[in-house]
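As the structure is a prediction and not an experimental result, all values here were calculated from the model. Both backbone and side-chain heavy atoms feed into the values below; hydrogens, waters and symmetry mates do not.
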Amino acid sequence: MLIKHLPRDSALNRELHGEAAEWSVTDHLLAAVVDHLAAANWMFACVNTAEEGDLPDPPVPVPRPGDDAPTEGQESGAGREDSTAAAPSPAQLARFFG
């Protein structure tokens, strides 16, 4: 009964859940906002780049608790998006956004 009402950042919760115990709903929402803003800025840069060879690298998502640590050349957050998918071309982005 007492354990059920321990604070989220208690030593027991940190031991059981690791870093995830430290992340609140607000932290997860802020990470999602940062990821979406970075993706929007990246898409804008891709659409407004004159040459396809000068495309910026896609943004790397904010690491979240429970994500595996990224290896060299691999993005973190492998469960949210397919990291093997090719990035859209500027023409595809322009066609999508009209």
Side-chain angles (χ1 to χ4, degrees):
M1 181 77 156
L2 293 175
I3 292 176
K4 185 163 76 171
H5 298 288
L6 284 174
R8 184 179 62 244
D9 61 345
S10 69
L12 179 64
N13 274 334
R14 279 184 296 195
E15 181 66 30
L16 292 175
H17 304 289
E19 186 184 354
E22 310 250 341
W23 276 58
S24 67
V25 172
T26 305
D27 296 328
H28 285 283
L29 289 172
L30 284 172
V33 167
V34 168
D35 288 346
H36 284 86
L37 183 59
N41 288 336
W42 174 76
M43 285 188 268
F44 179 81
C46 287
V47 169
N48 292 302
T49 300
E51 296 182 27
E52 284 198 30
D54 294 337
L55 295 179
D57 294 331
V60 176
V62 172
R64 285 152 171 90
D67 286 351
D68 296 333
T71 58
E72 186 67 28
Q74 177 188 16
E75 295 179 358
S76 65
R80 288 189 305 279
E81 294 180 9
D82 184 11
S83 59
T84 61
S89 70
Q92 291 172 323
L93 289 172
R95 195 172 337 124
F96 177 80
F97 287 107

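Heavy-atom contacts from other residues, nucleotides or ligands closer than 6.0 Å to NE2 of His36 number 12 or fewer.
Applying the under-4.5 Å side-chain rule to Ile, Leu, Val, Met, Phe, Trp and Tyr, the cluster around Val33 consists of that residue alone.
The minimum heavy-atom distance between Val60 and Asp35, with the atom names listed, is O-OD1, 4.5 Å. In terms of heavy atoms, Arg64 sits closest to His28 at NH2-O, 4.4 Å.
Residues forming a side-chain contact (heavy atoms from CB on, under 4.5 Å) with Ala38 (at least two apart in sequence, or on another chain): Pro59.
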For a quick test of your reading: what N or O donor-acceptor pairs under 3.5 Å do the side chains of residues 41-49 make, sequence neighbours left out?
{"from": "Asn41", "atom 1": "ND2", "to": "Leu37", "atom 2": "O", "distance (Å)": "3.4"}
{"from": "Trp42", "atom 1": "NE1", "to": "Pro56", "atom 2": "O", "distance (Å)": "3.0"}
{"from": "Trp42", "atom 1": "NE1", "to": "Asp57", "atom 2": "O", "distance (Å)": "3.3"}
{"from": "Asn48", "atom 1": "ND2", "to": "Phe44", "atom 2": "O", "distance (Å)": "2.9"}
{"from": "Thr49", "atom 1": "OG1", "to": "Ala45", "atom 2": "O", "distance (Å)": "2.3"}

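Atom CG of Leu16 sits about 8.0 Å away from atom OG of Ser10, to the nearest 0.5 Å.
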